[in-house]
Amino acid sequence: MASKKPRAQANTTPAVPLTTSKTSLRRYFGEKPEPESKSKMAAVEKSPAYSAPSSPAPSESSLEGNDLKTLLSQLPSKLDLELMFSKMERSFGDKLQSLHEEVSQIGHRVQTLEEEGEASALHLTNIQSLQQTHNEAILFLQRKIEDLDNRGRRNNLRIRGFPETQQGETEDIILLLTGLFNKILGRPLDTVIKFDRAHRALRPRALPQDKPRDIICKIHHFPLKEAILQKDKHLREIKHDDHKVLIFQDLAQSTLIARRALRPITTALSDMNIRYRWAYPFALVVTQQGTTYSISTPAEVQAFQQALKLPKAAVEDWTGLTLGQTSHASQKNKWQRTPKKRRRRIPSGNEQTTSPRGTTSRPT
């Protein structure tokens with residue numbers, strides 16, 4: 001028998017575990033490789049006789065290329081991006097339209113408020129102008145009434161310094177004034193002077209320690225009253241029964257208030273040796289070099305000071321009225337609606353786009 005050759009034992013290599021591309025690509029995506037699980041069982045050694053035939057292992061570069069193509073195929077296409085942008089544009093367009101409507105409503109309300117404000121400002125200007133006219137008319141009437149009041153007092157004199165009698169005693173005021181005026185005029189003390197009336201100031205009787213009330217008298221003849229005042233100006237001091245007596249022209253209360261308010265002006269005139277006089281209706285009059293300057297209302301004070309080169313002094317408004325220029329409302333920028341701009345619309349994937357050259361193209 002022919003001898004049989006022993007069959008050569010096939011050279012076998014242990015199986016090589018297949019490596020996936022995920023293990024090699026994980027480092028590009030920040031993933032960590034999964035740790036290999038270790039079995040608690042004892043490792044079993046396989047004999048080379050029972051091992052499966054080995055197949056050639058694929059290269060790592062080919063596996064990475066296949067997975068990269070798979071990932072790239074899953075990325076959105078140009079059409080998907082255009083559809084997504086079109087949805088975003090419609091969503092933003094709806095929100096912007098709502099916002100535009102709200103801004104338009106606010107603009108309409110602002111415009112309405114501005115129109116109402118302008119109407120109120122115009123109405124206020126008209127009221128101020130009307131008030132100015134009323135103030136001027138009131139001042140004119142006040143001056144008229146003041147002049148009538150002073151004309152009614154033109155024969156009156158006010159005497160200050162006579163002590164009052166005790167409570168219950170009567171005093172003969174006419175006899176007292178007759179002796180005083182005759183003494184001033186240098187006539188016999190028993191010369192008859194005709195009085196229309198004579199009395200104390202109409203207020204409660206003063207206490208013994210207080211100043212006595214003034215005596216107000218009306219002399220029937222105006223020239224006699226003027227002669228008494230002229231004589232009084234030349235006398236330094238008048239005494240009667242050891243009492244210092246002062247004589248004044250009886251004036252309306254409004255005239256006294258005005259003279260008190262103009263005291264800074266009269267003081268400056270006296271300091272500069274400028275003569276002045278009081279006129280009726282009420283006015284402060286100064287005549288220099290044939291030119292007459294006067295103050296009758298608070299608005300004339302500044303021009304009077306500048307004309308006579310007087311130092312500036314604050315003078316109160318004795319009329320109680322504000323006679324000045326009315327303030328006009330300032331012009332402000334009105335609400336303006338901005339024209340709506342046309343937005344460029346991004347075409348959807350199914351629509352054709354036309355290039356500037358006129359060629360039609362379809363998105364790929």
Side-chain angles (χ1 to χ4, degrees), residues 135-136 138-140 142-151 153-162 180-181 183-186 201 210-216 222-223 225-240 243-325:
N135 288 347
E136 293 175 357
I138 291 173
L139 180 60
F140 175 78
Q142 283 182 349
R143 288 176 56 81
K144 284 292 184 181
I145 294 173
E146 180 182 359
D147 184 50
L148 291 175
D149 193 0
N150 286 325
R151 287 180 183 274
R153 300 168 183 257
R154 62 196 306 262
N155 285 9
N156 290 6
L157 290 178
R158 182 178 289 263
I159 298 92
R160 183 173 301 168
F162 278 117
L180 174 64
F181 293 157
K183 182 180 179 180
I184 293 174
L185 296 172
D210 296 337
K211 293 182 179 180
R213 294 178 293 173
D214 295 345
I215 295 177
I216 302 172
F222 178 76
K225 189 267 305 183
E226 286 294 315
I228 294 172
L229 285 178
Q230 292 298 326
K231 288 288 185 178
D232 178 66
K233 290 181 180 179
H234 295 88
L235 296 176
R236 294 184 178 178
E237 188 178 32
I238 301 176
K239 284 191 176 182
H240 188 74
H243 298 292
K244 184 178 179 180
V245 178
L246 300 175
I247 301 177
F248 305 99
Q249 171 68 46
D250 187 30
L251 298 171
Q253 184 67 23
S254 58
T255 303
L256 296 176
I257 293 174
R259 289 190 178 187
R260 193 177 300 116
L262 290 175
R263 188 171 296 170
I265 304 296
T266 56
T267 303
L269 292 173
S270 300
D271 295 340
M272 298 177 65
N273 296 323
I274 299 176
R275 298 184 62 181
Y276 64 90
R277 62 183 178 88
W278 300 105
Y280 300 95
F282 170 78
L284 175 64
V285 181
V286 173
T287 302
Q288 270 194 341
Q289 299 177 356
T291 305
T292 302
Y293 308 95
S294 64
I295 298 176
S296 58
T297 61
E300 300 172 353
V301 173
Q302 185 175 1
F304 185 86
Q305 291 176 334
Q306 292 177 355
L308 296 177
K309 298 181 181 180
L310 298 178
K312 291 184 179 180
V315 177
E316 297 180 359
D317 184 3
W318 62 85
T319 62
L321 302 173
T322 303
L323 300 178
Q325 296 181 355

[X] side chain vs [Y] backbone, donor-acceptor pair below 3.5 Å:
X: D250; Y: R158; value: no
X: K144; Y: P281; value: no
X: E300; Y: Y293; value: no

Go through L269 and L308 one step at a time and tell me if the side chain to side chain contact (heavy atoms under 4.5 Å, CB included) criterion holds.
CA-CA 9 Å; L269 292 173; L308 296 177; 4.0 Å; yes
Verdict with reasoning, L310 to F304, per side chain to side chain contact (heavy atoms under 4.5 Å, CB included):
CA-CA 8 Å; L310 298 178; F304 185 86; 3.9 Å; yes
So which atom in [X] and which in [Y] form the shortest heavy-atom distance, rounded to 0.1 Å?
X: V285; Y: S294; result: CG2-CB, 4.2 Å
X: I184; Y: I228; result: CG2-O, 4.2 Å
X: P311; Y: Q305; result: O-NE2, 4.0 Å
X: A201; Y: I216; result: CA-CD1, 4.4 Å
X: N155; Y: K225; result: O-CG, 3.9 Å
X: K244; Y: E237; result: CD-OE2, 3.6 Å

Taking the side chain as every heavy atom from C-beta outward, state whether [X] and [Y] have any atom pair closer than 4.5 Å.
X: D271; Y: T267; answer: yes
X: Y280; Y: L251; answer: yes
X: I238; Y: L246; answer: no
X: W318; Y: L262; answer: yes
X: V315; Y: I295; answer: no
X: L157; Y: F248; answer: no

Step by step, work out the side chain to side chain contact (heavy atoms under 4.5 Å, CB included) result for T319 and T297.
CA-CA 8 Å; T319 62; T297 61; 5.9 Å; no
Interatomic spacing from [atom1] in [X] to [atom2] in [Y] - rounded to 0.5 Å:
X: L185; Y: L180; atom1: CG; atom2: CG; value: 9.5 Å
X: K309; Y: M272; atom1: NZ; atom2: CE; value: 9.0 Å
X: L284; Y: R277; atom1: CG; atom2: CZ; value: 9.5 Å
X: I265; Y: R263; atom1: CD1; atom2: CZ; value: 13.0 Å
X: S270; Y: R275; atom1: OG; atom2: CZ; value: 11.5 Å
X: K183; Y: K239; atom1: NZ; atom2: NZ; value: 10.0 Å

Are more than 12 heavy atoms, taken from residues, nucleotides or ligands other than [X], located less than 6.0 Å from that residue's [atom1] atom?
X: E316; atom1: CD; answer: no
X: E226; atom1: CD; answer: yes
X: F140; atom1: CZ; answer: no

Parallel, tilted or perpendicular: which fits the ring planes of W278 and Y276, with parallel below 30° and perpendicular above 60°?
perpendicular
So, are D147 and R143 salt-bridged, with charged N and O less than 4.0 Å apart?
no
